[in-house]
Asker: 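Next up is a structure, given as structure tokens.
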Amino acid sequence: MAFWLMKSEPDEASIDDLVRLGRLPWTGVRNYQARNFMRDAMQLGDGVLFYHSSCPQPGVAGLAEIASGTVPDETQFDPASPYFDPKSSRDAPRWLQLDVSLVRKTRLLPLAEMRTAPELATMQVLQRGNRLSITPVTAAEWRAVLKRLDRASA
DNA sequence: GCCAACGTTGGC
DNA sequence: GCCAACGTTGGC
């Protein structure tokens, strides 16, 4: 069992969308490192920190889990999609998607608070220059995030 | 809107 | 294979 942090822009897919639908296909990953995590490492049942990015209040907004294996990301074949990839083909799809299901919505754990927490300092999402939309989370970091989520917000 | 950081592209 | 130019991410 492994743990991951997955970034989503709430304008596109927010924790409330996941609450409403229970399950979301994670599409639009267009970075090879992140794709390789999906292809090689992410397993059914893995824990996910659902992170809101590029928004007024970035931070962890809920807990989810990996709910399917990978299949080709349909949006790469759709010329009307912003994620269309003209260099990809049905014969040799480049990009993958998988499903994520809700565990629970949490209080927002703001990025600013994460930055002040010494026990979270090793998290990849906090490292300088980090841009990856999917990053691995260690078991210790996972526990520390859960513990912090149990506290009242500042 | 700015800008630092990083990934990708493409000429050579 | 190098590397400059360009595009994207994402916090602020």
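None of the values given here were measured: they were computed from a predicted structure. Only this structure's heavy atoms are used, side chains among them; waters, hydrogens and symmetry mates stay out.
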Asker: Quick one: list whatever passes side-chain hydrogen bond (donor to acceptor under 3.5 Å, both in side chains) with Asn130(A), sequence neighbours left out.
Answerer: none
Asker: How about Gln124(A) and Pro136(A): do any of their side-chain heavy atoms sit closer than 4.5 Å?
Answerer: yes
Asker: Got a sec, which pairs hit ring-ring contact (aromatic ring centres under 6.0 Å, His included) with one end in residues 20-50 of chain A, sequence neighbours left out?
Answerer: Trp4(A)-Phe37(A), Trp26(A)-Phe50(A), Tyr32(A)-Trp95(A), Phe50(A)-His52(A)
Asker: The criterion is side chain to side chain contact (heavy atoms under 4.5 Å, CB included); which residues satisfy it with Ala34(A), sequence neighbours excluded?
Answerer: Val29(A), Asn31(A), Leu132(A), Ser133(A), Ile134(A)
Asker: Over how many whole Å does the gap from Leu126(A) atom CG to dA5(B) atom P extend?
Answerer: 16 Å
Asker: Would you check, one step at a time, whether the test side-chain contact (heavy atoms from CB on, under 4.5 Å) holds for Met6(A) with Ile66(A)?
Answerer: CA-CA 11 Å; Met6(A) 299 175 79; Ile66(A) 304 301; 4.2 Å; yes
Asker: Could you tell me the separation between the OH atom of Tyr32(A) and the C1' atom of dC6(B), rounded to a whole number of Å?
Answerer: 16 Å
Asker: Counting only side-chain nitrogens and oxygens, does Arg128(A) get under 4.0 Å of the OP1 or OP2 atom of dA5(B)?
Answerer: yes
Asker: Is Tyr83(A) isolated, or which residues cluster with it under the ILVMFWY side-chain rule of less than 4.5 Å, directly or via members?
Answerer: none
Asker: Would you jot down, in residue-number order, the residues of residues 77-94 of chain A having a non-hydrogen atom under 4.0 Å from DNA chain C?
Answerer: none
Asker: For Phe77(A), check ring-ring contact (aromatic ring centres under 6.0 Å, His included) against everything at least two apart and list the hits.
Answerer: none
Asker: So, using side chain to side chain contact (heavy atoms under 4.5 Å, CB included) as the criterion, who are the partners of Lys105(A) when residues are at least two apart?
Answerer: Ile15(A), Asp16(A), Val19(A)
Asker: Expressed as a whole number of angstroms, how long is the span from Gln33(A):CD to dT8(C):P?
Answerer: 19 Å
Asker: Using the side chain to side chain contact (heavy atoms under 4.5 Å, CB included) criterion, which residues pair with Ser54(A)? Sequence neighbours excluded.
Answerer: Glu9(A)
Asker: Could you tell me how far apart Arg30(A) (CZ) and dG7(C) (C1') are, to the nearest whole angstrom?
Answerer: 16 Å
Asker: Write out all pairs satisfying salt bridge (charged side-chain N to carboxylate O under 4.0 Å, His left out) with one or both partners inside residues 114-124 of chain A, taking only residues at least two apart or from two chains.
Answerer: Glu119(A)-Arg148(A)
Asker: Produce the list of close N/O pairs, under 3.5 Å, pairing protein atoms with atoms of nucleotides 1-3 of chain B; give distances to one decimal.
Answerer:
none

Asker: Restricting both atoms to N or O, compile the protein contacts to nucleotides 10-12 of chain C shorter than 3.5 Å, with distance only.
Answerer:
from    : atom 1 : to        : atom 2 : distance (Å)
dG10(C) : OP1    : Lys7(A)   : NZ     : 2.7
dG10(C) : OP1    : Arg131(A) : O      : 2.9
dG11(C) : OP1    : Tyr51(A)  : OH     : 2.9
dG11(C) : OP2    : Ser54(A)  : N      : 2.9

Asker: My understanding is that a hydrophobic cluster links ILVMFWY residues whose side chain heavy atoms are under 4.5 Å apart, including indirect links. Using that, what else belongs to the cluster containing Leu49(A)?
Answerer: Met1(A), Phe3(A), Leu5(A), Tyr51(A), Val60(A), Leu63(A), Val103(A), Leu109(A), Leu111(A), Met114(A), Leu120(A), Met123(A), Val125(A), Leu126(A), Val137(A), Trp142(A), Val145(A), Leu146(A), Leu149(A)
